[in-house]
Asker: 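Here it is: the structure, laid out below.
Within every chain, numbering begins at 1; the chains are lettered A, B, ... in the order of the sequence lines, protein sequences first and strands thereafter. Values reported hereafter were calculated over all heavy atoms of this structure, with side chains retained and with hydrogens, waters and symmetry mates removed.
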Amino acid sequence: MPSMVRAAEIAEHVGEEVILKGWVYNRTHKGKLVFLLIRDGYGFVQCVAFERDLDPELFDTIAHIPQESSVVITGQVRADGRAPGIPGGYELGIISLEIIQSVAGDYPIALKEHGVDFLSDHRHLWIRMPSQWAILRIRATVISSIREWLDSNGFTLVDTPILTPAACEGTTTLFATEYFDEGTAYLAQSGQLYNEANIFAFGKVYCFGPTFRAEKSKTRRHLTEFWMVEPEMAFCDLEQLMEIEEQFISHVVQRALRECRAELSALERDISALERIEPPFPRVSYDEALEKLAEIRAQTEDPELKELLEIAWGDDFGSPHETELTKLFQKPVFVYGYPAAAKAFYMEPWPDRPDVSKSVDLLAPEGYGEITGGSERISDPELLLQRIREHQLPEDSFRWYIDLRRYGSVPHSGFGLGVERTVAWICGIDHIRETIPYPRMINRVYP
RNA sequence: UCCUCGGUAGCUCAAUUGGCAGAGCGACCGGCUGUUAACCGGUUGGUUCCUGGUUCGAGUCCAGGCCGAGGAGCCA
């Protein structure tokens with residue numbers, strides 16, 4: 001009895017008779033010769049049927065097998081440079097083939113260009129296509145390496161709630177839901193405040209889960225449901241935070257490079273752009289970034305870009321600013337020291353510059369922009385209380401958060417990494433809706 | 001919420017000044033021994049987003065609406 005193989009490991013079985021279980025991705029009929037491109041979940045393998053080698057009835061079946069039919073194939077593995085696939089270069093000479101289900105011939109996704117709305121409506125089928133399959137495999141590897149790095153560098157996973165009593169940061173719009181007799185609960189937009197409690201028990205922690213924003217954002221960088229990992233560290237200042245981030249991000253990219261070569265090349269990703277990603281990353285202050293933007297603005301001939309890049313000290317960067325800044329570097333770039341007014345209430349002020357916060361965003365290169373946002377947090381209870389009042393937040397709801405500064409307060413820092421934006425950058429694709437299996441956007445909750 | 005663009009066959013798109021609704025792909029049938037979304041021939045395929053208006057005549061012009069895409073703001 002031949003043994004079952006996975007497409008990804010086919011190279012290890014050259015000369016052997018093996019069994020492959022999967023689905024017909026494409027069929028090319030050449031008369032006395034038929035090529036089937038079979039996907040099995042682990043890759044795509046070409047299987048070849050010659051009329052002279054097979055029973056006429058079986059050959060006719062293979063010649064007419066519809067796209068996406070499920071099959072069990074027995075065949076002999078051989079190396080052939082002409083064979084397409086992921087990874088390509090090997091093919092199966094078909095000895096026998098059993099159809100588990102023959103599709104009626106009405107599979108909606110033809111092998112041709114499609115519009116994004118059509119593909120989104122068929123997301124449950126779209127994920128079978130090589131590009132989407134490759135992206136989601138890379139996503140899985142990215143998530144795995146995020147957890148691997150944190151777990152092996154002293155961080156404890158401490159889960160934070162998804163149903164929360166109020167806005168963590170009080171600014172962005174939240175999804176609300178009825179919560180028994182307790183009134184309204186909200187879907188979490190961040191686990192950070194809970195992380196800050198957790199570091200006083202565990203030192204270094206992270207939470208990792210879906211987060212929700214009810215913002216009516218309609219861009220290639222936004223989802224209403226997305227995944228975020230948020231590490232938080234006690235006894236950590238802004239400089240140490242940046243060192244942690246660059247180690248962490250570099251590990252994630254390098255492991256994707258090692259383990260997802262076939263997927264990245266299926267996406268035609270420029271590998272060399274990723275090979276450069278290792279510490280240290282450039283660091284630019286907000287003030288320096290403003291100067292660089294002013295230079296770019298002075299040099300551009302494009303009146304539209306000139307207008308988009310207009311910015312005054314105190315404004316947060318918009319995506320045009322981020323995009324232009326990242327073009328100046330071949331690695332992710334830290335921009336630190338944003339104006340306090342543009343950032344959240346809990347951020348530690350810069351020494352001797354109260355209008356500047358000890359905040360840092362990491363902007364991915366090639367125009368991808370912000371993938372992490374972090375800061376050193378306020379550790380003084382009086383200052384924190386003052387900020388809560390300035391932002392007109394409900395003091396009573398933040399009692400527990402203020403307690404953290406009363407019982408053993410220490411300098412501490414943390415950041416949040418957007419998984420989908422990171423995957424989009426690593427994959428080199430232009431819209432994050434393809435980086436999550438079932439994207440949730442302002443006008444899409446199906447399928 | 002604002003700006004720009006779009007909606008025609010299952011899919012991707014054409015349709016001249018307002019004058020017979022078209023092509024490619026898919027599906028189905030046939031041909032082809034190395035295809036890479038094969039190629040060639042044939043068959044099949046329509047509420048032109050909706051409502052109203054102008055006109056002898058509307059896919060095309062006008063008004064209102066619906067849906068989608070890209071961008072802005074906001075953010076990861």
Asker: In whole angstroms, how far is the P atom of B/A76 from the CD atom of A/Gln189?
Answerer: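 Computing the A/Gln189:CD to B/A76:P distance gives 8 Å.
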Asker: With respect to the phosphate group of B/A72, does any side-chain polar atom (N or O) of A/Arg221 fall under 4.0 Å of OP1 or OP2?
Answerer: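 Yes, within the criterion.
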Asker: Between the base of B/C74 and the side chain of A/Ser217, is there any donor-acceptor pair under 3.5 Å?
Answerer: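 In this structure, the two groups form a donor-acceptor pair.
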Asker: Counting only side-chain nitrogens and oxygens, does A/Arg433 get under 4.0 Å of the OP1 or OP2 atom of B/G70?
Answerer: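 It does, given that an N or O in the side chain of A/Arg433 lies less than 4.0 Å from OP1 or OP2 of B/G70.
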Asker: Kindly say whether A/Tyr368 contributes a backbone atom to a donor-acceptor pair with the side chain of A/Arg421 at under 3.5 angstrom?
Answerer: no
Asker: Within the modelled atom types, does a donor on one side and an acceptor on the other bring the side chain of A/Lys218 and the base of B/A72 under 3.5 Å apart?
Answerer: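 There is none.
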Asker: Using a 4.5 Å cut-off on heavy atoms from C-beta on, say whether the side chain of A/Val45 contacts that of A/Leu37.
Answerer: no
Asker: In terms of the angle between their ring planes, are A/His114 and A/Phe118 parallel, tilted or perpendicular, with boundaries placed at 30° and 60°?
Answerer: parallel
Asker: Establish whether the base of B/U33 is bridged to the side chain of A/Glu51 by a donor-acceptor pair shorter than 3.5 Å.
Answerer: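 Answer no: no donor N or O sits under 3.5 Å from an acceptor.
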Asker: For residues A/Tyr286 and A/Phe317, establish whether the separation of their ring centroids is below 6.0 Å.
Answerer: yes
Asker: Reading nucleotides 9-14 of chain B 5' to 3', which nucleotides get B (base under 4.0 Å from a protein heavy atom), which S (sugar-phosphate only), which -?
Answerer: --BB--
Asker: So, do A/Glu232 and A/Tyr206 sit near enough that their side-chain heavy atoms are less than 4.5 Å apart?
Answerer: no
Asker: Is there a side-chain polar atom (N or O) of A/Lys30 under 4.0 Å from OP1 or OP2 of B/U33?
Answerer: no
Asker: Could you let me know what B/C39 is paired to, Watson-Crick or G-U wobble, both distances under 3.5 Å, or none if it's on its own?
Answerer: B/G31
